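Quick notes on the structure that follows.
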Amino acid sequence: MEYDEVVRGRRSIRGYLPDPVPRALIEEIIELAMRSPSSMNTQPWRFHVVTGEPLDRIRAGNVERMTAGVPESREFRTGRPFEGVHRERQIGVAKQLFGAMGIARDDAARRQDWVLRGFRQFDAPVCVIITYDRALHGSDDAPFDCGAVATALVNAAWSRGLGAVINSQGIMQSPVVREHASIPADEVIMKAIALGWPDPDFPANAVVSERKPISEAAVFIGFTDG
Ligand SMILES: Cc1cc2nc3c(=O)[nH]c(=O)nc-3n(C[C@H](O)[C@H](O)[C@H](O)COP(=O)(O)O)c2cc1C
């Protein structure tokens with residue numbers, strides 16, 4: 001696939017076929033993603049690629065704790081809840097997804113089921129947990145670098161016909177992930193990526209999220225051409 005085709009065609013995939021993903025293909029994707037730049041070439045990331053029983057235990061543990069009301073325990077700062085334009089965009093994509101799935105505003109049961117889907121890693125056959133070396137904790141560069149490699153990874157996956165969704169839902173109950181993926185204490189759990197073959201019949205997979213226009217996003221200084 002051409003670069004533009006990958007970047008413009010990729011969307012977050014939240015419904016998967018049960019078919020397994022070959023380990024060699026995942027290695028190929030990770031290797032491509034790791035061509036990402038990083039601060040001073042530190043490459044702070046690690047990938048814990050989980051499937052089968054350990055992943056099922058993570059799904060079950062996440063759902064159990066979230067439904068029991070156990071408070072979130074992410075290992076990084078989340079800031080304040082979104083407001084203003086950020087909140088509008090958050091609601092915007094949620095409306096697109098619920099619209100595609102036919103989930104009504106007042107359908108509490110299906111809305112709850114949608115949320116739990118995220119904690120189940122969207123029932124994907126594979127989940128990649130991205131962590132970084134705790135020795136770098138406190139620097140904003142390491143999470144920045146993990147973001148870069150995560151984006152590269154979902155694009156590399158897309159270029160091979162695989163779908164993915166970067167998500168926080170998978171790591172909100174970090175002790176569950178740490179236990180079942182055997183993540184060492186000297187690594188900070190950053191983010192999860194659900195990965196697998198997209199289910200072509202899952203309506204939300206067709207949603208193309210919006211982007212703000214370049215005029216809002218970029219400021220050009222000192223240019224004389226336009
Ligand atoms: C850091 C980060 C965290 C995210 N967390 C979630 C999540 O918990 N659940 C979810 O369904 N999508 C999650 N997403 C996916 C975003 O909703 C999605 O990327 C955004 O709406 C743009 O849509 P697109 O990926 O289809 O272009 C996350 C994405 C990023 C980059």
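Note that the structure is predicted; figures quoted are calculated from it, not measured. Atoms within a ligand are numbered from 1 in the order they appear, just like the ligands themselves.
With a heavy-atom cut-off of 4.0 Å, Ser209 touches ligand 1 through its side chain alone.
Those atoms of ligand 1 that come under 4.0 Å of a heavy atom in Val93, given as number and element, are 21 (O). Of all the atoms in ligand 1, the ones that sit under 4.0 Å from a non-hydrogen atom of Lys191 are 1 (C). Listed by number with element, the atoms of ligand 1 under 4.0 angstrom from any heavy atom of Arg11 are 26 (O). Close contacts of ligand 1 with Val165, meaning ligand atoms under 4.0 Å from a residue heavy atom, involve 12 (N), 15 (C).
Here the protein heavy atom with the shortest distance to atom 18 (C) of ligand 1 is Ser12 OG, 3.7 Å. Gln169 OE1, 2.9 Å is the protein heavy atom nearest to atom 9 (N) of ligand 1. Scanning the protein for heavy atoms near atom 13 (C) of ligand 1, the closest one is Ile166 O, 3.2 Å.
When only interatomic distances are considered, the shortest N/O to N/O separation between Arg14 and ligand 1 falls below 3.5 Å.
Of the possible donor and acceptor atoms, none in the side chain of Asn155 sits under 3.5 Å from a partner among the backbone N and O of Arg10. Gln43 places no side-chain N or O within donor-acceptor distance of the main-chain N or O of Ser38, the cut-off being under 3.5 Å.
In summary, Glu216 and Arg89 engage in a salt bridge, as defined by a charged side-chain N under 4.0 Å from a carboxylate O.
The closest approach between Gly118 and ligand 1 stays at or above 4.0 Å for every heavy atom of the residue. Look at Met172 and you'll find every heavy atom at least 4.0 Å from all atoms of ligand 1. Arg211 counts as a contact of ligand 1, since one of its heavy atoms falls under 4.0 Å from the ligand.
Rounding to the nearest 0.5 angstrom, the gap separating the CD1 atom in Ile130 from the NZ atom in Lys191 is 10.0 Å.
Ring orientation note: the planes of Phe82 and His86 are tilted relative to one another, at an angle of 30° to 60°.
No more than 12 heavy atoms of other residues, nucleotides or ligands lie within 6.0 Å of CZ in Arg23, so this atom counts as exposed by the packing criterion.
Exactly one of Glu187, His137, Glu75 qualifies for a side-chain hydrogen bond (donor to acceptor under 3.5 Å, both in side chains) with Tyr132. That residue is His137.
A pairwise comparison of heavy atoms in Arg120 and Val63 identifies CG-CG2, 3.5 Å as the closest pair. Ala192 and Gln121 get closest at one heavy-atom pair: CB-OE1, 3.7 Å.
Of the options Ala192, Gly170, Ser168, Ala164, the smallest heavy-atom separation from atom 3 (C) of ligand 1 is shown by Ser168.
Note that atom 6 (C) of ligand 1 has protein non-hydrogen atoms nearby, at separations under 4.0 angstrom.
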